[in-house]
Novice: 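Attaching a single structure in structure tokens format; questions to follow.
Just so it is clear, the values below take in all heavy atoms, side chains as well, and ignore hydrogens, waters and symmetry mates.
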Amino acid sequence: MKKSVISVLLVFAIPAFLVSCGGSEGSGSGGSGDSNVTGETGSIYGIVTDKATGEQIINAGVELQPIGLKTVTGSDGQFEFNEVAAGTYTLFVTKTGYSESSSSITVESGKQAKGDVQLEKLPAAKRHR
């Protein structure tokens, strides 16, 4: 009887002890102490359109600086960056045949920041250089 009580205690006590002592392992990325707690990041989304026609522009390159994240707009002209640390960034948008665009965008903790962008078509003479 004594051995079974001790066995039961060990089965429940050791895992509970390990859980209570292992607080930093498994949190953040790689247990490095990152503070990516829910709410400290946000997201950025938007649509890239032609300034003159309002049509969505597919396959436009979108870069988020200074962190260097990159994506390409989909068939609906939309882009998105998820889990971005709160702060102010610059969106750089490029597409062959269009002038480049850059704009500032601020991400708040736990929120989505909308960053729609309009690109202007280059004159025909400048498109083929």
Side-chain angles (χ1 to χ4, degrees):
M1 177 87 174
K2 217 176 199 183
K3 285 185 181 179
S4 64
V5 171
I6 292 173
S7 297
V8 169
L9 286 175
L10 289 176
V11 167
F12 291 106
I14 290 176
F17 175 76
L18 292 175
V19 168
S20 68
C21 291
S24 66
E25 190 173 340
S27 67
S29 83
S32 63
D34 289 355
S35 59
N36 279 345
V37 177
T38 303
E40 290 184 9
T41 63
S43 62
I44 298 172
Y45 72 101
I47 299 175
V48 178
T49 56
D50 182 298
K51 187 173 184 177
T53 67
E55 292 179 21
Q56 294 95 351
I57 299 175
I58 63 171
N59 295 323
V62 184
E63 184 172 353
L64 189 60
Q65 286 293 333
I67 58 178
L69 289 177
K70 296 178 183 179
T71 192
V72 177
T73 58
S75 60
D76 53 4
Q78 294 186 17
F79 67 91
E80 186 171 17
F81 294 102
N82 292 308
E83 296 185 29
V84 177
T88 301
Y89 300 91
T90 301
L91 281 173
F92 287 102
V93 182
T94 57
K95 172 71 177 173
T96 302
Y98 288 86
S99 60
E100 295 178 356
S101 174
S102 65
S103 59
S104 180
I105 190 161
T106 300
V107 176
E108 295 181 32
S109 296
K111 296 186 179 179
Q112 290 184 319
K114 188 170 184 181
D116 291 347
V117 177
Q118 292 184 327
L119 296 181
E120 287 188 71
K121 268 194 175 174
L122 292 172
K126 291 187 178 182
R127 285 190 222 166
H128 299 292
R129 287 187 178 194

Novice: Minimum heavy-atom separation for Val107 and Ser43, please, with both atom names.
Specialist: CG1-N, 4.1 Å
Novice: According to a hydrophobic-cluster definition based on side-chain heavy atoms being under 4.5 Å apart (Ile, Leu, Val, Met, Phe, Trp, Tyr only), do Ile67 and Val62 belong together?
Specialist: yes
Novice: Ignoring hydrogens, what is the shortest heavy-atom contact between Tyr98 and Leu122? Give both atom names and the distance.
Specialist: C-CG, 3.7 Å
Novice: Do you know the tightest heavy-atom contact between Ser109 and Glu40?
Specialist: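 So the minimum-distance heavy-atom pair works out to OG-CA, 3.7 Å.
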Novice: For Gly46, is there any backbone N or O sitting under 3.5 Å from a side-chain donor or acceptor partner on Asp116?
Specialist: no
Novice: For Leu119 and Ser99, which heavy atoms make the closest approach, and how far apart are they?
Specialist: CD2-O, 3.5 Å
Novice: Applying the 4.5 Å side-chain criterion to the ILVMFWY set and letting contacts propagate, would Phe81 and Ile105 be lumped into a single cluster?
Specialist: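 Yes.
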Novice: Kindly write out the residues that satisfy side-chain contact (heavy atoms from CB on, under 4.5 Å) with Glu80, not counting sequence neighbours, or none if the list is empty.
Specialist: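 Glu80 satisfies side-chain contact (heavy atoms from CB on, under 4.5 Å) with Tyr45, Asn82, Gln112 once adjacent residues are dropped.
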Novice: I need the full list of salt bridge (charged side-chain N to carboxylate O under 4.0 Å, His left out) pairs touching residues 89-103, with sequence neighbours left out, sorted by first then second residue.
Specialist: none
Novice: Can you name the nearest heavy-atom pair linking Val117 to Ser101, along with the distance?
Specialist: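 That would be CG1-OG, 3.6 Å.
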Novice: Got Leu91 and Leu64 here, is their nearest side-chain heavy-atom distance under 4.5 Å?
Specialist: yes
Novice: Nearest 0.5 Å, what's the CG-CZ distance between Leu69 and Phe79?
Specialist: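 It is 12.0 Å, given to the nearest 0.5 Å.
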Novice: Are Ile47 and Val84 linked, directly or through other ILVMFWY residues, by side chains that come within less than 4.5 angstrom of each other?
Specialist: no
Novice: Tell me, which pairs form a side-chain hydrogen bond (donor to acceptor under 3.5 Å, both in side chains) where one or both residues lie in residues 68-77, sequence neighbours left out?
Specialist: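 Not a single pair qualifies under side-chain hydrogen bond (donor to acceptor under 3.5 Å, both in side chains).
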Novice: Between Val93 and Ala60, what is the shortest heavy-atom contact and its length?
Specialist: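 The answer is CG1-CB, 4.3 Å.
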Novice: Only counting residues at least two apart or in another chain, list the ones meeting side-chain contact (heavy atoms from CB on, under 4.5 Å) with Ser104.
Specialist: Thr88
Novice: With sequence neighbours excluded, give me every salt bridge (charged side-chain N to carboxylate O under 4.0 Å, His left out) pair touching residues 47-61.
Specialist: Lys51-Glu120
